[in-house]
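Here the structure comes first, spelled out in structure tokens, and everything after it is commentary.
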Amino acid sequence: MTIGKRLAHLQQHIQQLEEQYARPRASVQLIAVSKTQSIAAIRAAVNAGQRDFAENYAQEGLQKIKLLANENLIWHFTGKIQSNKARFVAQYFDWVHTVDSLKLAEKLSQNRPEDLPDLNICLQLQRDLNDDIHRLAHLVTGIQQLPKLQLRGLMLLPIAGISDFQQQRAVFRYAKNLGQSLNLKALSMGMSADYVAAIAEGATMIRIGTALFSTRERTE
Ligand SMILES: *Cc1c(COP(=O)(O)O)cnc(C)c1O
């Protein structure tokens, strides 16, 4: 199956799930995780109508952003940010999903160019699902005071190895409840293996790699 076909199937499935789980139409956005994918593969998705792409490595992402600059795409950073790369991420990406400290947020804020729109960010929840709501609330307040940033929501990293649907839902419900407590709207959660459960629990952005691109061209 081609990338275009898989994209069409995914879009159809998302629409069907929105209905099934009483989500508003078009409330779930598909972000194509293009890490390790070639420019040709990304172009195939672009030609099929995909506009939002996510990258995990600053260097690789930068290269792709520059090569595809004419396409007017929206770029999401979803990897771990090394502090010496924060400047490039703030300059070239539209969204950063992996903000986990005030220090990192400050660095992104300081390095966001004045002539660009605010950088959209999500707070990344802890892998062990052991977030302290007071710490999160404190972070939210701190980040909301920084210029050139828009705090949109929460992000949940992939949690490998949970194949039971109800267990998957429980994990995503954890993130949803935190988002509601903090009054944050966006929920970046769910990937190829668990996006159905994520949509059931209110994901607004699902991050899909393998289900769209089929294989990664190199392993991580
Ligand atoms: C790779 C990756 C994804 C996509 O995973 P797939 O299983 O390929 O859909 C989503 N989120 C993050 C943070 C990733 O690193």
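Counting starts at 1 for both ligands and their atoms, in listed order. Along the sequence shown, the residues carry numbers beginning at 1. Remember, it's a predicted structure, so these values are computed and weren't measured experimentally.
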- Any idea which of R207, M189, M191, M155 brings a heavy atom closest to atom 12 (C) of ligand 1? R207
- Out of K35, Q124, H76, who gets a non-hydrogen atom closest to atom 14 (C) of ligand 1? K35
- Message: So if I count the atoms of ligand 1 from 1 in the order they appear, which ones are less than 4.0 Å from some heavy atom of T210?
- Response: 6 (P), 7 (O), 8 (O), 9 (O)
- Could you tell me whether N70 atom CG has more than 12 heavy atoms of other residues or ligands within 6.0 Å of it? no
- For ligand 1, which part of N56 has a heavy atom less than 4.0 Å away: the side chain, the backbone, both, or neither? side chain
- Query: What residue among R207, H76, Q124, R152 forms side-chain hydrogen bond (donor to acceptor under 3.5 Å, both in side chains) with H97?
  - Reply: H76
- Task: Look at atom CD of Q166 and say whether more than 12 heavy atoms of other residues, nucleotides or ligands are closer to it than 6.0 Å.
- Result: yes
- Item | Gap between atom CD1 of I81 and atom CZ of F93 - 0.5 Å precision | 8.5 Å
- Query: Within the structure, does T78 bring an N/O atom to less than 3.5 angstrom of an N/O atom in ligand 1?
  - Reply: no
- Message: Considering both backbone and side-chain atoms of I208, is one of its nitrogen or oxygen atoms within less than 3.5 Å of a nitrogen or oxygen in ligand 1?
- Response: no
- Message: A quick test of your reading: do over 12 heavy atoms of other residues, nucleotides or ligands sit less than 6.0 Å from CG of N183?
- Response: no
